[in-house]
Amino acid sequence: GLDEKHTFIALKKALSLMNGAPPGEKRIMSAFCRQILEKISIATPFREVVPSKPDVFSFIGPTGVGKTTTLAKLAAYLKVQCRFRVGVISVDTYRIGALDQLQTYADILELPLLVAQNAAELIESIDRLQRMDVILIDTVGKNCLQPRQVADLQEVFTECSRLQHFLVLSAAAKNDDLRQTIKHFRDFKINSLIFTKIDETLTPGSMINQLLQFPHPIS
C-alpha cells in the first residue's frame with residue numbers, strides 16, 4: 001500500500017548508499033526501511049517529569065476508530081506505569097453507550113470522570129481536575145466529509161489552554177480516506193497521530209503514506 005513515488009525515492013536512495021556492496025534482498029530491504037523511517041517524526045507527549053499544571057490531551061477523529069479504547073489504554077499506562085494522577089472528561093454525550101463504556105473503564109482504574117456538553121462545561125471540568133497530572137478528553141467521532149460536524153467539535157475547545165490534540169486514525173482505512181480525514185482536522189493543530197487496528201490490515205503502507213505526506217509526528 002505504500003505510495004509508488006515514496007517507494008521509488010526511498011529505494012533509489014537506499015541503493016545509492018550501498019557503496020558497491022552486494023545488493024542482497026535483506027540488505028536492500030534494511031536500507032529501504034531506514035530511508036522510510038528517517039522521514040517519519042516520533043512524538044513522546046507524556047513527559048517523565050510531572051508538570052506543575054495538568055497536561056490536557058484530547059482524542060479526536062472519525063467514528064469507530066477506537067478513541068475511547070485508546071484513551072483507556074493510555075490512562076491505565078499513565079496511572080500504573082508512570083504513577084500519574086489521571087483525570088478523564090467526556091464530551092461524547094451523543095453516541096449511545098459511549099459514556100457507560102468510559103465509566104466502566106474509569107471505575108476499573110479508579111479515575112475521576114466528568115462530563116461536559118459544551119465549551120463552558122469543559123473549562124469547568126478541567127478546573128475541577130487541576131490536582132491531576134494528566135487530563136484525557138474523550139470526544140464523539142466526527143464525519144470528516146461533513147465540515148460542520150468537525151467545526152462543531154472545534155468550538156468545544158475554543159477556550160482551552162495547554163491542550164494537545166491526538167488525531168486517532170484506523171490503519172485499516174483506505175489511503176484516500178486517511179488523507180481527507182487529516183486535511184479536514186488540520187484546523188485543530190494536531191499534536192500527533194495515533195494509529196489503531198494495525199493488526200487488522202494487510203496494507204500498512206496507507207498509514208505510512210500519511211506520515212510521509214503530512215508534518216504530524218506519530219505517537
Side-chain angles (χ1 to χ4, degrees), residues 43-144 146-169 184-194 196 216 219:
T44 53
F46 301 118
R47 300 183 300 232
E48 292 184 4
V49 179
V50 177
S52 58
K53 292 184 178 180
D55 282 332
V56 185
F57 300 91
S58 76
F59 295 75
I60 62 175
T63 58
V65 295
K67 294 184 294 297
T68 304
T69 303
T70 300
L71 183 153
K73 290 180 179 180
L74 285 172
Y77 165 77
L78 291 170
K79 179 176 181 179
V80 177
Q81 297 292 111
C82 301
R83 304 294 183 182
F84 282 3
R85 294 169 296 178
V86 182
V88 180
I89 301 173
S90 174
V91 296
D92 184 0
T93 58
Y94 176 79
R95 184 166 55 96
I96 296 174
L99 189 57
D100 292 339
Q101 180 187 16
L102 193 58
Q103 184 68 64
T104 300
Y105 289 138
D107 290 344
I108 292 172
L109 294 169
E110 298 182 342
L111 303 178
L113 170 62
L114 302 178
V115 179
Q117 300 191 49
N118 52 50
E121 291 184 4
L122 179 58
I123 293 297
E124 180 182 347
S125 297
I126 292 174
D127 287 342
R128 290 174 58 188
L129 294 174
Q130 283 301 301
R131 296 183 300 100
M132 300 295 110
D133 300 316
V134 176
I135 299 173
L136 306 179
I137 303 176
D138 192 30
T139 69
V140 62
K142 295 296 182 180
N143 181 353
C144 69
Q146 301 292 331
R148 184 65 252 175
Q149 288 191 19
V150 179
D152 288 344
L153 179 61
Q154 193 170 9
E155 290 177 3
V156 176
F157 296 107
T158 51
E159 302 298 326
C160 293
S161 60
R162 299 176 57 83
L163 178 63
Q164 301 182 57
H165 294 294
F166 291 127
L167 179 56
V168 185
L169 302 166
H184 281 85
F185 278 92
R186 60 189 168 195
D187 288 341
F188 277 86
K189 297 180 180 179
I190 303 303
N191 174 270
S192 57
L193 306 180
I194 294 179
T196 63
H216 311 303
S219 284

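Everything numeric here is computed off the predicted structure, so don't read it as measured data.
To the nearest 0.5 Å, atoms OG1 (Thr139) and CZ (Phe157) are separated by 6.0 Å. Here CG of Leu111 is found 9.5 Å from CG of Leu78. Values are rounded to the nearest 0.5 Å. A distance of 5.0 Å separates CD1 of Ile126 from CD1 of Ile89, quoted to the nearest 0.5 Å. Expressed to the nearest 0.5 Å, how far OG1 of Thr104 lies from CG of Leu109 amounts to 11.0 Å. Taking CG of Leu74 as the reference point, atom CZ of Phe57 lies at 9.5 Å (rounded to 0.5 Å). Asp138 CG to Gln101 CD: the interatomic distance, rounded to the nearest 0.5 Å, is 8.0 Å.
Residues Leu167 and Leu193 form a side-chain contact, since some pair of their non-hydrogen atoms from C-beta on lies under 4.5 Å apart. Proximity of Met132 to Pro112: side-chain heavy atoms (C-beta onward) are separated by under 4.5 Å at one or more points. In this structure, the side chains of Cys160 and Val56 stay at 4.5 Å or more apart for every pair of heavy atoms.
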- Chi angles and distances behind the side chain to side chain contact (heavy atoms under 4.5 Å, CB included) call for Ile194, Phe59: CA-CA 9 Å; Ile194 294 179; Phe59 295 75; 4.1 Å; yes
- Item | CA sep, side-chain torsions, deciding dist, call: Phe46, Cys82, side chain to side chain contact (heavy atoms under 4.5 Å, CB included) | CA-CA 9 Å; Phe46 301 118; Cys82 301; 5.9 Å; no
- Step-by-step side chain to side chain contact (heavy atoms under 4.5 Å, CB included) determination, Leu153 to Gln149: CA-CA 7 Å; Leu153 179 61; Gln149 288 191 19; over 6 Å; no
- Leu71 and Tyr105: side chain to side chain contact (heavy atoms under 4.5 Å, CB included), yes or no, with the steps? CA-CA 10 Å; Leu71 183 153; Tyr105 289 138; over 6 Å; no
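Nearest heavy-atom pair across Phe166 and Ser219 is CE2-OG, 3.7 Å. Taking every heavy atom of both residues into account, Glu110 and Lys79 meet most closely at O-NZ, 3.5 Å. Between Asn191 and Pro45, the closest heavy-atom pair is OD1-CB, 4.2 Å.
Formation of a donor-acceptor pair under 3.5 Å by the Ser90 side chain with backbone atoms of Val115 is not found in this model. One N or O on the side chain of Thr196 and one on the backbone of Val65 form a donor-acceptor pair closer than 3.5 Å. A donor-acceptor pair under 3.5 Å is formed between the side chain of Gln154 and the backbone N or O of Asp187.
Within 6.0 Å of CD on Gln130 lie more than 12 heavy atoms contributed by other residues, nucleotides or ligands.
By the 30° and 60° cut-offs, the orientation of the rings of His165 relative to Phe188 is perpendicular.
Partner Ile60 forms a side-chain contact (heavy atoms from CB on, under 4.5 Å) with one of Val91, Ile137, Ile190, Val168 and no other, that one being Ile190.
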